[in-house]
Amino acid sequence: MAIESNFIKTIMEEDLASGKVEGIITRFPPEPNAYLHIGHARAIITNFELAKIFDGKTNLRFDDTNPVKEDASFVEAIKEDIAWLGYHPEAIYFGSDYFEETYRYAVKLIKKGLAYVCDLSQAEVSQYRGTLTEPGKESPYRNRSIDENLALFEAMKSGKFPDGSKTLRAKIDMASPNINMRDPVIYRIIHIIHHNTGDRWCIYPMYDFAHPLQDAIEGVTHSLCSLEYVDHRVLYDWFIEHCETPHIPHQYEFGRLNIPQTIMSKRYLKQLVDSHVVKGYDDPRMPTLAGFRRRGYTPEAIKDFVLGTGLSRINSTASIDMLENALRNDLIQATKRVHAIIDPLKVTITNYPEGELETMNVANNQDNEALGDRTLPFGRNLLIERADFSPEKPDKHWKRLSVGLEVRLMHAYFIHCHDVAYDASGQIQEIFCTYDVNTRSGSGFNARKPNGTIHFVEATTAVPATFNLFEPLLLEGNEELPLIERVNPHSWNVAQGYVEPALEHASIGERFQFVRNGYFAVDYDTLDHHLIFNRIVELKAGKGS
RNA sequence: UGGGCUAUGGCCAAGUGGUUAAGGCAUCGGAUUCUGACUCCGAGACCGAAGGUUCGAAUCCUUCUAGCCCUGCCA
């Protein structure tokens, strides 16, 4: 799927046409303080796809200007997720690579009388800032001389002052209705080891100051970000203008993409991991890209979802159906369609000779010859899905097996049920059927129509398997409750069942359509010849079910 | 009257003055089917509200309403 038309694409086309820019350069700038989640996919895909359309470039830039929150381990995880999505950045940068340059721009602002060292405490700065409806007051340190500011800033840089004792602030307008313009702090003192620059620096630029400069340094033409930065754009432009960067980038904002009941906040994701509600950021129930990957989602599906969802200046909430539909669309042509019985019910074919077995040759995917074919055993002892049998036909829409009814076993024969055995507790233990030799799959038999088609597995050759039927972690219930209590506690259900022998050597990560049971992927934790499958997504329900 | 952003069918979303307002998801009918899957037909909005400009407006203007963002030395 290609990117749909959207307002940013239009802007780029116009900029190119008018000669405002010569080429498109975008960037994806994550802060390395958590794993990427499905919400980030929109930003990643938008930046890369847009640049691709115009034969431009996209950088990956780690926005690491706050060493107290960031960690090198996240850098690797983020790189991996982006590569998984199929994107290869033109270059990988760190905001911290530009600390020297950023510092020089700060000095430049001081020299122009546009920045000053402020001794106000954090609380005082907050007080002086005013409120949403009242203007702020100017800092008493606002009019220090340029020389004094230069000396003080130099001293800040060389570690003469403790954390929080001083800041460098841009001198703009304490009465601005836009609070971001009320002399924003642009440098703060933090004595800590930075994951990239070690102890070389003890002053760190703020996002608002660093980001436009990073964009300028890299030659970014269209700096895309989310809606909450709209109010920051004037500041962005102010820094670009007054720092007189050789290159002038522009910021454009778009809305975030949410999924209902899904946790889309780094803070909460961290909480789930730290509290062991999940087994890690890549737990298959997590809405992280790593979680989706582990669960068996394909990057193509995520891309199609994001692209199909479009882009606008609205924070939108796309239904999970869209994501699942994108996944099914990808999987339906890419996966082998095989048989698995998740909740087995014994079937004995009473007129089939004991001890005999025959095999059916079946295509792995009737719509994709490239997937080859396999053999499927058939014999006297079979297993079918418990839900595919009812002692009596429940209603006229029933298209499965009942006593007195005949159904087709997919890729095999018609069977007719004539008896049911119950155990002591009244549960159905086993059913007895006869088969019709003339109805063998592929024989072209069409003398009569079966009541439906169900799938099966031959009991003596079937391979035991464990099915993880988990649901993604969803938030439910009272929004007042703590997050941990709102997470669906039964999100990981396990079933023991069987798969056909062809799957015995399935490889980790391989995906299948289990006919009538949905799509599954072989999980990482394959144990002792015992296959484990994660359910990725269910088949569409269809009418009457 | 702090500032900013947004408002198109259940959910996304094209559309930037001119035929019956694209498309996807979901839903509901129907056909087909060796998966009740897939596929294939068919069905739905007068564009937040009210005015106004215009021969003509979802697209321009006015007013109103609703939602979201902003008072980190976070990003």
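Here is the naming used below: chain letters follow the sequence lines, and residue numbers restart at 1 for every chain.
A58(B) and A22(B) have their C1' atoms separated by 14 Å, given to the nearest Å. Comparing C28(B) with A57(B), their C1' atoms sit 33 Å apart, to the nearest whole Å. C68(B) and C41(B) have their C1' atoms separated by 41 Å, given to the nearest Å. Rounded to whole Å, the P atom of A43(B) lies 37 Å from the corresponding atom of G67(B).
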Identify the pairs formed between an N or O of the protein and an N or O of nucleotides 71-75 of chain B at a distance under 3.5 Å, and give each distance.
| unit_1 | atom_1 | unit_2 | atom_2 | d |
| --- | --- | --- | --- | --- |
| U71(B) | O2' | Arg129(A) | NE | 3.3 |
| G72(B) | OP2 | Ser126(A) | OG | 3.4 |
| G72(B) | OP2 | Arg129(A) | NH2 | 3.0 |
| C73(B) | OP1 | Arg129(A) | NH2 | 3.2 |
| C73(B) | OP2 | Arg129(A) | NH1 | 3.1 |
| C73(B) | N3 | Gly164(A) | O | 3.2 |
| C73(B) | N4 | Leu120(A) | O | 2.8 |
| C73(B) | N4 | Gln122(A) | N | 3.1 |
| C73(B) | N4 | Gly164(A) | O | 2.9 |
| C74(B) | OP2 | Arg188(A) | NE | 3.4 |
| C74(B) | OP2 | Arg188(A) | NH2 | 3.1 |
| C74(B) | O3' | Asn66(A) | ND2 | 3.4 |
| C74(B) | O3' | Arg188(A) | NH2 | 3.0 |
| C74(B) | O2' | Asn66(A) | ND2 | 3.1 |
| C74(B) | O2' | Lys69(A) | NZ | 2.9 |
| C74(B) | O2 | Lys69(A) | NZ | 3.4 |
| A75(B) | OP1 | Thr65(A) | OG1 | 2.9 |
| A75(B) | OP1 | Arg188(A) | NH1 | 3.2 |
| A75(B) | OP1 | Arg188(A) | NH2 | 2.8 |
| A75(B) | OP2 | Tyr207(A) | N | 3.0 |
| A75(B) | O3' | Asp63(A) | OD2 | 3.0 |
| A75(B) | N3 | Tyr229(A) | OH | 2.5 |

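Dashed line: the shortest gap from a side-chain N or O of Ser316(A) to OP1 or OP2 of A13(B) is under 4.0 Å. Between U35(B) and Lys399(A), no contact under 4.0 Å exists linking OP1 or OP2 to a side-chain N or O. Note on Asn315(A): every side-chain N or O is 4.0 Å or more away from OP1 and OP2 of G67(B).
Listed by residue number, Arg440(A), Ser441(A), Gly442(A), Thr453(A) are the residues of residues 436-457 of chain A with a heavy-atom contact under 4.0 Å to RNA chain B.
Among the nucleotides U35(B), G36(B), G24(B), the one closest to the side chain of Met410(A) is U35(B). Relative to the side chain of Met322(A), the nucleotides A37(B), G36(B), G24(B) differ in distance, and G24(B) lies closest.
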### Query
Which parts of nucleotides 3-8 of chain B does protein reach within less than 4.0 Å, heavy atoms only, written one letter per nucleotide 5' to 3' as B for base, S for sugar-phosphate only and - for none?
BSSSSS

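Nucleotide U39(B) is matched to A31(B) when pairs are restricted to Watson-Crick or G-U wobble geometry with both distances under 3.5 angstrom.
Between His211(A) and Tyr229(A), the distance from one ring center to the other does not fall under 6.0 angstrom.
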